[in-house]
Amino acid sequence: MLAGKHILLIIGGGIAAFKSLDLIRRLRERGAEVTPVITRAGQEFVTPLSASSLSANKVYTELFDLTDEAEMGHIELSRAADLVVVAPATTDLLGKMAGGLANDLASTLLMATDKRVLVAPAMNVRMWEHPACQRNVETLKADGVLFVGPTDGAMACGEFGPGRMSEPLEIVAAVEAALMDGPLKGKHVLVTSGPTHEPIDPVRYIANRSSGAQGTALARALSALGADVTFVTGPADVPPPEGVNVVKVQSAAQMLDAVQSALPADAAVFAAAVADWRVASASSSKIKKDQKGGLPVLEFAENPDILATISQMKKGRPGLVVGFAAETDDVIANAAAKRKRKGCDWIVANDVSPETGIMGGSENAVTLISETGADEWPRMGKDDVARQLATRIADAIGEGA
Ligand code: CTP
């Protein structure tokens, strides 16, 4: 809930501005007071009258409006809020923010505020990916500006890719996270993610197809609920989330070391696709093609089972240990047996048969298995699975659990 919270909402000039009207409604439904500021370009897309009707508040548009200055100066306006939200944040607004420009009301408020700023970018995919825009994003993140989105999808301009503004409810969730101490505040949660690489020689390795998407989404969701997250990741395709403590590893042995060094933890979630075997004695020099004796023969050794090792710790075991089970046959029965065998509290079972499109895809259909039974969740985005699992973890170990 956002009761009593005051949001200064800056609406920039982009087609996504129409979603900001819904955002006003959603924020108010949760008890927030919203003061809209619309840039000149923003007024080409939404009118001050609609923003004013929906917010039941005065809408500000001009820097040099003497009546407004008499009522409330821009410095005061920027500070009366608990949070400043910029949605949609155009590339122009991000550029002004990163460069410290203040030549209209919106940019002046953003320079003058002493409150946190959350931006929801929306723009053409090429503009988003342009090195100048990405430089600005990096600068703003380093300055502590919070980001929600942009997301991938078809855009009004007909192109496809990152650039769409997040949906109003996602922005609301980011506002809540920015304003509140989450239920996992003060809790240390460990997450493993990604594949491992097991060396054959200095240039070759054995790997698997894990992208790290589910583990990354989970670390982000736990952090959004206030957890202090240690994210131990193998070489994943997706970048690690912001705001977590990232420990990069290559092999299963290194992952186990990193996990053990990160303990104690209140909870540990093992989402990594750890290689079950490594090459027993990796060569320290590159194996030559024309070696005596013909083709090389690789001998394997079993890797440590990180989940089982941590689950079975006699002393210092995390209060909640969660594993994942990627199965293709008898998913629930195999996963339930895996939970018992490894000794973890919960196991998140998913069917990774090729026809499900889950491995490497953006969706997941999981069943959460605990001592009390199996809870089947509908198919949903990996981000939604992450948020739901993070909420369950918060219910189990968070404030008031
Ligand atoms: N896991 C681990 N260390 C390993 C292997 C797996 O920590 N050496 C963890 C994974 O992170 C996951 C769980 O164990 O949380 C189950 O992984 P999965 O690959 O489904 O199971 P395996 O133990 O490898 O069993 P199998 O491949 O025979 O199904």
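In each ligand, atom 1 is the first atom listed, and ligand 1 is the first ligand listed.
- Of all atoms in ligand 1, listed by their number and element, those nearer than 4.0 Å to a heavy atom of Ala325 are 20 (O).
- With Gly323, Ala337, Ala272 as candidates, the residue nearest to atom 10 (C) of ligand 1 on a non-hydrogen basis is Ala272.
- Of the listed residues (Ile306, Asp276, Asn334, Asn208), the one carrying the non-hydrogen atom nearest atom 2 (C) of ligand 1 is Ile306.
- Nearest protein heavy-atom contact of atom 29 (O) of ligand 1 is Lys338 NZ, 2.8 Å.
- The structure places CG of Leu118 at 9.0 Å from CZ of Arg116, a figure rounded to the nearest 0.5 Å.
- Remark: among candidates Pro304, Ala252, Ala326, the nearest residue to atom 8 (N) of ligand 1 is Pro304, based on non-hydrogen atoms.
- In terms of protein heavy atoms, atom 23 (O) of ligand 1 is closest to Lys342 NZ, 2.5 Å.
- A donor-acceptor pair shorter than 3.5 Å can be found between the side chains of Gln214 and Asn364.
- At least one protein heavy atom sits closer than 4.0 Å to atom 20 (O) of ligand 1.
- In terms of N/O distances under 3.5 Å, ligand 1 is approached by Phe270.
- For Ala273, no heavy-atom contact with ligand 1 is shorter than 4.0 Å.
- Residue Phe324 places at least one N or O, backbone or side chain, under 3.5 Å from an N or O of ligand 1.
- Given atom 9 (C) of ligand 1, the protein heavy atom at minimum distance is Leu307 CB, 3.7 Å.
- With respect to Lys342 and Asp305, a salt bridge is recorded, a charged nitrogen being found less than 4.0 Å from a carboxylate O.
- Under a 3.5 Å cut-off, the side chain of Arg79 and the backbone N or O of Thr113 do not form any donor-acceptor pair.
- Residue pairs meeting the salt bridge (charged side-chain N to carboxylate O under 4.0 Å, His left out) criterion with at least one partner in residues 80-93, sequence neighbours excluded, are Asp92-Lys96.
- A salt bridge links Asp375 with Arg392: the closest approach of a Lys/Arg side-chain nitrogen to an acidic carboxylate oxygen falls below 4.0 angstrom.
- In this structure a side-chain-to-backbone donor-acceptor pair under 3.5 Å is missing from Ser353 to Glu355.
- A side-chain donor from one of His188 and Thr230 sits under 3.5 Å from a side-chain acceptor of the other.
- Polar contact with ligand 1: absent for Asn303 (N/O pair, distance under 3.5 Å).
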